[in-house]
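Convention: sequence-line order gives letters A, B, ...; per-chain numbering from 1. Since the structure is predicted, the reported quantities are computational estimates derived from the model, not experimental observations.
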Amino acid sequence: MSMNWTLPVRPPFSLPAVIRSHGWVQLAPFASDDEQQTLSYISELDSGRVVEIQISETGGGVNISVEGPLEEREMVDVSDRVKWMIGLDQDLAEFYARARGEPKLAHVEEQGRGRILRSPSLFEDIVKTVLTTNTAWSGTVRMVGALVSHFGAPLANDPSRRTFPSPERVAVSDEGTLRAQARLGYRASYILSLARSVASGALDLEGFKNPEIGTPELRKQLLAIKGVGDYAAANLLVLLGRYDFLPVDSWALKCVSHEWHDGQPIGRAEVEAAFEAWGAFKGLAYWFWDWSYLSDER
DNA sequence: GGTAGACCTGGACGC
DNA sequence: GCGTCCAGGTCTACC
């Protein structure tokens, strides 16, 4: 029995825009259809039940479909996860107002862009972010896929699909296993250390979502995690809805160089300078900028 | 506060 | 085949 219900959205909203906001949809346990109109995610609910959450856009909101029956508290749990994943809590009015005056961002409001796909837990987003560093994207996809297939909890009616492993599941493993089975390389010790800190209760990552924590303090706490440096911290801050810092990576350097420096080699300072005027919206302006470099490649 | 050098892995590339 | 390079960085040691 499939259970369906709808969550309201704050227009402008576009589910495909969230799905395409970055590469996260390509990382297990996310999945989408060929046209990237719908989103699927395998999740272990607080009740312990493992479900596939299917999300699609309807006339006035987003439709959630889960193979049931579910208890009321499980439906609330699923709704909360979906709200966070696709940013239903976010009000982007101020960013849209600023973006109207910038041709390179003129598309954001009309296309309902501005929300960035995120995992239900910050633990998962930190692990995935660390697994994007110093590797090709194909390596990230491979490592995340291996973590899910070796350590995730299976979906009852399709064991080939699994959840992203909980901190507890990773914590009981060891570095050698993470290296050998998930092929995490030197990142294995970072992931294991993080998982054990969270599983033991020493580190409350979900507390990082508290809007009362100042962004500089939040950044400091993220940087204290082994494997999280300037880029990763800024990327995670963006996922947490804080846009004051730019996730400057090699890709950013390439785009900014082609946008304003004739393709000449540049450094972090040039990227920062390019978006300084956007203040608290720096991260969003950077994320959704219509880069000439990418347009030229098309 | 700034910066070499090392770091797992696997795909791309040149030979 | 085989060796080298390096990819959506970070850590450590050293200055």
Side-chain angles (χ1 to χ4, degrees), chain A residues 19-28 30 116-119 123-151 170 173-197 203 216 218-240 243 245-259 261 263 265-272 274-275 282-298:
Chain A
I19 294 172
R20 293 168 191 157
S21 57
H22 60 143
W24 254 215
V25 69
Q26 298 169 34
L27 301 179
F30 280 116
I116 298 166
L117 183 64
R118 45 195 179 187
S119 308
F123 170 72
E124 182 175 335
D125 273 341
I126 293 176
V127 171
K128 286 176 172 175
T129 299
V130 169
L131 296 185
T132 65
T133 60
N134 196 30
T135 186
W137 177 249
S138 60
T140 305
V141 173
R142 174 183 54 75
M143 288 185 275
V144 172
L147 265 183
V148 169
S149 62
H150 287 289
F151 301 96
V170 179
S173 183
D174 56 76
E175 186 176 336
T177 305
L178 289 172
R179 279 179 180 258
Q181 295 197 1
R183 312 297 290 169
L184 299 187
Y186 69 87
R187 304 172 191 82
S189 66
Y190 300 159
I191 303 308
L192 183 62
S193 168
L194 176 66
R196 289 185 172 166
S197 295
L203 185 61
L218 195 51
R219 177 169 178 270
K220 198 172 142 191
Q221 293 185 34
L222 287 167
L223 287 172
I225 298 169
K226 277 279 164 52
V228 175
D230 278 336
Y231 158 75
N235 190 64
L236 290 162
L237 283 174
V238 169
L239 293 179
L240 286 166
Y243 311 115
F245 293 89
L246 292 177
V248 180
D249 52 17
S250 56
W251 187 78
L253 296 175
K254 201 177 288 183
C255 288
V256 171
S257 169
H258 282 269
E259 193 81 2
H261 299 277
I266 60 166
R268 181 189 179 88
E270 284 82 355
V271 181
E272 294 284 352
F275 288 94
K282 261 193 275 187
L284 274 183
Y286 157 76
W287 201 284
F288 292 102
W289 198 261
D290 183 16
W291 301 103
S292 315
Y293 178 60
L294 301 181
S295 305
D296 293 348
E297 276 193 336
R298 285 177 199 134

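- Within the nucleic acid shown, A/Lys254 has no heavy atom closer than 4.0 Å to any nucleic acid atom.
- Relative orientation of the A/Tyr190 and A/Tyr186 rings is perpendicular, given thresholds of 30° and 60° on the angle between their planes.
- Base pairing of C/dT4 is made with B/dA12, judged by Watson-Crick or G-U wobble geometry with both donor-acceptor distances under 3.5 Å.
- When the side-chain nitrogen and oxygen atoms of A/Arg179 are compared with OP1 and OP2 of B/dC8, one or more of them lie within a distance under 4.0 Å.
- To the nearest angstrom, P of B/dT9 lies 14 Å from CD1 of A/Ile191.
- Between the CG atom of A/Leu223 and the P atom of C/dT12 there is a distance of 13 Å, rounded to whole Å.
- A donor-acceptor pair under 3.5 Å links the side-chain atoms of A/Arg118 to the main chain of A/Leu239, judged by distance alone.
- A distance of about 22 Å separates the C1' atoms of C/dT10 and B/dG11, rounded to the whole Å.
- A/Asn235 comes within 4.0 angstrom of nothing in the nucleic acid, heavy atoms only.
- Here the P atom of nucleotide C/dG8 and the CD atom of A/Gln26 are 13 Å apart, to the nearest Å.
- Atom CG in A/Leu131 sits roughly 14 Å away from atom C1' in C/dA7 (whole-Å rounding).
- Among the nucleotides C/dC11, C/dG9, C/dT10, the one closest to the side chain of A/Asp249 is C/dG9.
- In this structure, A/Gly139 reaches neither bases nor backbone, as no heavy-atom distance under 4.0 Å exists between it and the strands shown.
- Between A/Gly227 and A/Trp287, the one whose closest nucleotide on DNA chain C sits nearer the 5' end is A/Trp287.
- The CG-P distance, from A/Asp230 to C/dT12, rounds to 15 Å in whole Å.
- Across all strands, A/Ala232 comes closer than 4.0 Å only to sugar-phosphate atoms, never to a base (heavy-atom distances).
- Rounded to whole Å, atom P of C/dG9 lies 12 Å from atom CH2 of A/Trp251.
- In this structure, A/Tyr231 and A/Phe245 have side chains that are not in contact, with every pair of non-hydrogen atoms separated by 4.5 Å or more.
- Among the nucleotides B/dG10, B/dC8, C/dT10, the one closest to any side-chain atom of A/Asn134 is B/dC8.
- Note: NZ (A/Lys226) to C1' (B/dC7) measures 14 Å, nearest angstrom.
- Counting any heavy atom pair closer than 4.0 Å across all strands shown, A/Thr135 reaches a base atom.
- Closest to the side chain of A/Tyr186, out of C/dC11, C/dG8, B/dC7, is B/dC7.
- In this structure, A/Ile19 and A/Leu117 have side chains that are not in contact, with every pair of non-hydrogen atoms separated by 4.5 Å or more.
- Under 4.0 Å is where a charged nitrogen must lie from a carboxylate oxygen, and between A/Asp174 and A/Arg196 no such pair does.
- A/Ile225 comes within 4.0 angstrom of sugar-phosphate atoms only, judged by non-hydrogen atoms across all strands, and of no base.
- Across all strands, A/Val130 comes closer than 4.0 Å to no nucleic acid atom at all (heavy-atom distances).
- Here A/Arg142 lies in heavy-atom contact (under 4.0 Å) with sugar-phosphate atoms only.
- Remark: of the listed residues A/Leu222, A/Ile225, A/Leu223, A/Leu222 is the sole one forming a side chain to side chain contact (heavy atoms under 4.5 Å, CB included) with A/Leu236.
- Two residues, A/Ala233 and A/Ala136, neighbour DNA chain C, and the one matched to the more 5' nucleotide by heavy-atom proximity is A/Ala136.
- Comparing B/dC13 with C/dG8, their P atoms are spaced 13 Å from each other, to the whole Å.
- Atom pair A/Met143:CE and C/dG8:P shows a separation of 12 Å (rounding to whole Å applied).
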